[in-house]
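Right, one structure below, let's go through it.
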Amino acid sequence: MRSVIGIDLGSTTTKAVILDEAGEILGRGITNSRSDYDLAAAVARSEAHTNARFGLLAQAAEGRVKPSQIARLMRAFRLEQTLRQLVRLRELVEEEVEKSGFGGLKPAAASAVAEIFKRIEEEERAFFRNLDPPKRSDFFRDAAGSAYTRIAEELGDPQGVSFDMLLGLYDKCIIRVENEPLDLGFRDHILAALKRIGSPEGLRGAVSMAAETELEEVSTVGTGYGRARLPFPKEQIRSEILCHGLGAHRMFPGTRTVLDIGGQDTKAIQVDDRGLVTSFQMNDRCAAGCGRYLGYIADEMNIGLHELGPMAQKSKRCVKINSTCTVFAGAELRERLSLGEKREDILAGLHRAIILRAMSLLARSGGVFDEFTFTGGVANNHAAVSALEKLVHENYGEKTLNVSPDSIYTGALGAALFGHSLEN
Amino acid sequence: MSRASIAQWAKELYEDLDFSVVRRWRENNPGRKAIGYLPVYAPREILHACGCLPVGIHGGGDRLEIIKGDAFYQSYICHLPRSVIELGQSGRLDMLSGVLFPSTCDVIRNLSGMWKLLYPEHYVRYIDVPQVADPRIATDFWAGELRRLLSDLGELSGHVPGEEELRASLALYNDLRQAIRELYAARSEAPWTVPSEELYLLLRAGELIPPEEFLAKIREYLAAARAEPGRMRDNSRVIVVGSFCEQPPLGLIKTIERAGCYIVDDDFILGNRFLVEDVPLEGDPIEGLAAAFIQSAVKSSVVYEPDPEGKRTLLKAQVEAARADGVIFAAASFCDPALLDRPMLKDGAEKAGIPCIAFKFSENSGQFQQFREQAGTFSDSIKLWGGV
Amino acid sequence: MSKSREDGAKKDQSMVIQKEMIANHYKRLERVPETREPVVYTFVPGNLTELVRSFGALPVLPEINALQSGMRKKSGDYIAEAERHGHSEDVCTYVKCDIGMIKAGNIGPTGTRLPKPDLLLLSYTGCYTFMKWFELLREEYDCPTVFFHVPYQGDGILEPEHREYMVRQLHEEVIPALEKATGNSYDEDRLKEYLALSARSEDDLVAVLQSAKQRPSPIDAYFGAVYYVGPIFSAFRGTQEGVNYYKALRQEVEARAAAGLGPVAPSGPMGEEKYRLVVEGPPNWTHFREFWQMFADEGACVVASTYTKVGGTYDFGFRHDPADPLGTQADYCGGCYTNINLPGRIDMLVDYLKAYEADGFVINSVKSCNSFSAGQLMMLREVEKRTGIPGAFIESDLVDPRYFSAANIKNRLESYLQMIDARRAGLSA
């Protein structure tokens, strides 16, 4: 099967989308960005392949097995991937302990490490067995990191092998694991995963079909913040602004205006009826009002980024915030709190302030036209979406606001579409 | 009316971003025009003589949310023009028939061209004040500019004032400036009887109403202030400089005073105190108004200082006149005139042994903690170590 | 390979002349303590070089020193020095660079010490900051200052009474100040002679700039042209050296045009001319070559720019006229680009887009310069509206290296050029 792939190398995550010959989406993959850009692209691509093959598998197995079985297979596959990475992480941590200057504490450190990995592995297996597991990040670094930290905190001994020593080991090694090419592809682990769920009769054929299908990549197009670092020829590199325009058009063909709020930048884009960009504006070098700003606020409040939106939505009285400067974010927040303002009201004000910044970029780019598509990480934040809805309504009247659950893949999708048009 | 009720009246005008008082004036005076002007100096006498209502445009402060205005300006340009654009784009200035843009800085200058494109129905004039040292050349130029304005506004308003009418307007504004001087004198004399916040609100209200009414209000306020002794506090006395164009939020003025500093002189809304001496009422009124600018314009960052000693000695003179203990530089962020002048003024002040602090604000600053701390520390240090 | 060497050699010829002129000028300035030649500081827009020279005085232009410091990577330290002396981070970095340079010993761009001014001739043309700049310099040098007020073209034309006002200032203020500072009296014949030389240089410069109407353009009318306007914007308008330089330059450019050659970018001759652009706003100087190369790498050639009109707008017909020696200087000052109102600047961009058959326009908005920058977002929209051609907006600074984000600028520029591509191809998904 011939395919084209688009890769969006963002500042925090790297995304890949595969299209088939007809331009239909075969699969999507995502990973966290890292210092080795090539590898980040390779992992995202491999994940997209995995996702595509699961898609083929599900198609082939349709009617033969229950959908829950496919979901279970997928989770088994994830477990295999996690275990593979855990093994490597453990090897590296053990090497570090060996090389370390821990002196007399070495044996204690080795046994703490062994205990940590034993427990993480148990937790991972339990997570797999849980029929209704809690939501968590798909990235190994996040899942393993939070478990490791928690267990290390418990086992750390201020007088002996301290929490900081244990965490230092992790920090050093996780970067290496991430920057090493590991065999984590579909074909590497699917058989083990199948076995783990008892090799149901109805799945075997579909699995081998999915594994054996050749996904010949005839074209690859890269985009995003780090696109210049991708080892592609110039014509296979496309600006993320063009890709976002085209991707948004594909997701919602009526799109005329696109707003993308990512970690480092905010873009307001106008597109024509073919998804071609006619005008765009970006924030300046200052990251005020971008996703990163919310990150600072979450850090300052010591809560998770994903908790900000829901908390802001509890507000009954939005506080007026005039500055979205990342540098002053903390000071502003502390002053508001010291004045007795409620956290949710301040957060509602902060979300509104971010959207106000975006509104000015939208105005600079020409305004908001129907339909209006909101993409980027901040589009997953409901408080931001409702602030946007309100302000757009007040200033531009009733407009259809599109937010896709797959909005994070908009840029990669656009890149793949460029690749597809290059081939056709 | 009591002091508090006058202050309350002024506050309502100040907070009303729809300029209802101007709209009402237009309704009550059919056929007459309202003409806006930006900071710092506009020759309002001419507007008044032509039967127009001069309306000061000082942005939207911290009360106006900027949605469209930011689309016109990069992040490194001060806040005032974006809120002026916001006022215009939201229809809040549609009761004006024209706007004057004085030569305060390049941002306001360029805004004059933007206004021409945005509001072709408005009379738009860039007011280039004379900068040359030779008073004859400067006066001739400025008189020419004023005559041009008079002729334009005469045409626009349909009312070309005669010499007597012009003279009456000059006299009225002389009285008004005298009353404002008295207000400042009363404040300097006993700051607890004229709180900065009230003084400021009164001046802001005066930017929106006919000068006759403003004059009456000032007199009323002064009488009320004399009747209400107030309670003296152990504050230090400071002058605030650098806020002649973009205006500080009211919260900042209150913060400075509450932190222990009586503001005994300032350059807020400097335009209505720009001429230090009366405009002569004899002879040609336009020549008189022009000559008054040349001979008695207040020293400010927007007019060239031909005297090399001028910048060095300015603050010493102001501090002495106001019997102040120190200087607070409060400039709007990205304000070229204020910030480029600051090192010269500060050097001069410090050489004269005058304590100074400096901070930047924006008309919509929402946090005052840092100002409170700085002003509080400043006041304490003055009390401990003495001022000038 | 031999072709690129040849191009290099051709480029070098006028460059060599220019380098020599500039080096000689700075050497002459360095020797001022011995030669006692009078020195007048003045600004690029509205510089009265012929008049200054007619008094036997040498001009020094602080903006040129600042931009040269930027290109030589010294501006960052100078700015820091000025900020240590109480200057705000918010204000013009040319001023801070200049003040910092003075505080650091006043060594000019070619490594020679600059003499103190005998007169600060403040030609107040199109930039508020000039006023403060010379007030600040006066503090450093404690020397006489004369103010020459050029009224802004608020209504889009130079009013006759404004012209008279300027002529009167020249007569009654500027000339007496120059006489006093230099000890020489006003010599109108000499001034006329210099003005005639100016007009000759101006003819050649216009021919050079308008050569960009050809396809491919033999010059880059922004990055390349800032070198071309260097002599005429600074100390060499109205000099024989200037005339020689522009003659040589014109011959060189005409030869390139005849051979169908494009411009030479920092890393060598530019490839195929893929995009013809008009640029508004000054360049960034701290990363000048990198900035230019970003355009050149994409095959983007600038065919017209407004920045090359800040020291005088000649391509709409104005020439210095010896028959009216003072009036012509008033006309010159009034017409400098930054002294033209915003609608006039928009007209000029629209005119350039059409006359030079450009594919697009780029606004480089610099943090330092409100005279240029305030209103550029509106210019962008108006020009788009009037021409139907979308523009690009990038942001940097004159000489503050902290405000040059290569990644951000490259991203915007590439996106913009790809957008032009997509529009051309009518590509559909």
Counterpart residues, side-chain hydrogen bond (donor to acceptor under 3.5 Å, both in side chains), relative to Arg82(B) (two or more places apart): Asp70(B)

Report yes if the side chains of Ser371(C) and Arg109(B) come closer than 4.5 Å at any heavy-atom pair, otherwise no. yes

Hey, what's the ring geometry for Tyr152(C) with Tyr126(B), parallel, tilted or perpendicular (30° and 60° as the breaks)? perpendicular

Counting only non-hydrogen atoms closer than 4.5 Å, does Leu122(C) touch chain B with its backbone (N, CA, C, O), its side chain (CB onward), both, or neither? side chain

Evaluate the side-chain proximity of Gln131(B) to Tyr124(C): yes if any heavy-atom separation is below 4.5 Å, no if none is. yes

Gap between atom SG of Cys105(B) and atom CE of Met131(C) - 0.5 Å precision: 10.5 Å

Determine whether more than 12 heavy atoms belonging to other residues, nucleotides or ligands lie under 6.0 Å from atom CD of Glu179(C). yes

Ala71(B) versus chain C, heavy atoms under 4.5 Å apart: side chain, backbone, both or neither? both

Can you tell me how far the CG atom of Leu340(B) sits from the NE2 atom of His87(C), to the nearest 0.5 Å? 7.5 Å

So what's closer than 4.5 Å to chain B heavy atoms on Phe134(C): side chain, backbone, both or neither? neither

If contact means a heavy atom pair closer than 4.5 Å, which residues of residues 338-348 of chain C contact chain B? Thr338(C), Asn341(C), Leu342(C), Pro343(C), Arg345(C), Ile346(C)

Side chain, backbone, both or neither of Arg136(B) within contact of chain C (heavy atoms, under 4.5 Å): both

Which side-chain N or O atoms in residues 144-151 of chain C pair as donor and acceptor under 3.5 Å with protein atoms at least two apart or in another chain?
{"unit_1": "His149(C)", "atom_1": "ND1", "unit_2": "Tyr165(C)", "atom_2": "OH", "d": "2.6"}
{"unit_1": "His149(C)", "atom_1": "NE2", "unit_2": "Asp128(B)", "atom_2": "OD1", "d": "3.2"}

Members of residues 297-308 of chain B whose heavy atoms come closer than 4.5 Å to chain C: Ser301(B), Val302(B), Val303(B), Tyr304(B), Glu305(B), Pro306(B), Asp307(B), Pro308(B)

Measure from NZ or CZ of Arg381(C) to the centre of the six-membered ring of Phe72(B), then state whether that distance is under 6.0 Å and the direction lies within 45° of the axis. yes

Where does Glu161(C) contact chain B at under 4.5 Å (heavy atoms): side chain, backbone, both or neither? side chain

Rounded to the nearest 0.5 angstrom, the CD-CD distance for Glu395(C) and Gln74(B) is 6.0 Å

Can you tell me which of Thr129(C), Val91(C), Asp142(C), Asp90(C) forms the most heavy-atom pairs within a distance under 4.5 Å of chain B? Asp90(C)

Between the side chains of Arg125(B) and Asp155(C), is the shortest nitrogen-to-carboxylate-oxygen separation below 4.0 Å, so that they form an ion pair? yes

Could you look at Leu118(B) and say if it's the side chain, the backbone, both or neither that has a heavy atom under 4.5 Å from chain C? both

Between chain B and each of Ser373(C), Gly375(C), Gly154(C), count heavy-atom pairs under 4.5 Å; write down the option with the most. Ser373(C)

Taking it one step at a time, do Asn370(C) and Asp336(B) satisfy side-chain hydrogen bond (donor to acceptor under 3.5 Å, both in side chains)? CA-CA 9 Å; Asn370(C) 285 341; Asp336(B) 279 345; 3.0 Å; yes

Given that the side chain runs from C-beta out, which part of Lys311(B) has a heavy atom under 4.5 Å from chain C: side chain, backbone, both or neither? side chain

Of all the heavy-atom pairs spanning Ser88(C) and Leu339(B), show the shortest one and how long it is. OG-CD1, 3.7 Å

Do Met114(B) and Met379(C) make a side-chain contact, defined as non-hydrogen atoms from C-beta onward lying under 4.5 Å apart? no

Between the CE atom in Met378(C) and the CD1 atom in Ile85(B), the distance rounded to the nearest 0.5 Å is 7.0 Å

Donor-acceptor contact present, side-chain Asp106(B) to main-chain Cys127(C), <3.5 Å: no

Atom pair CG/CZ of Asp134(B) and Arg168(C) - distance to nearest 0.5 Å: 6.5 Å

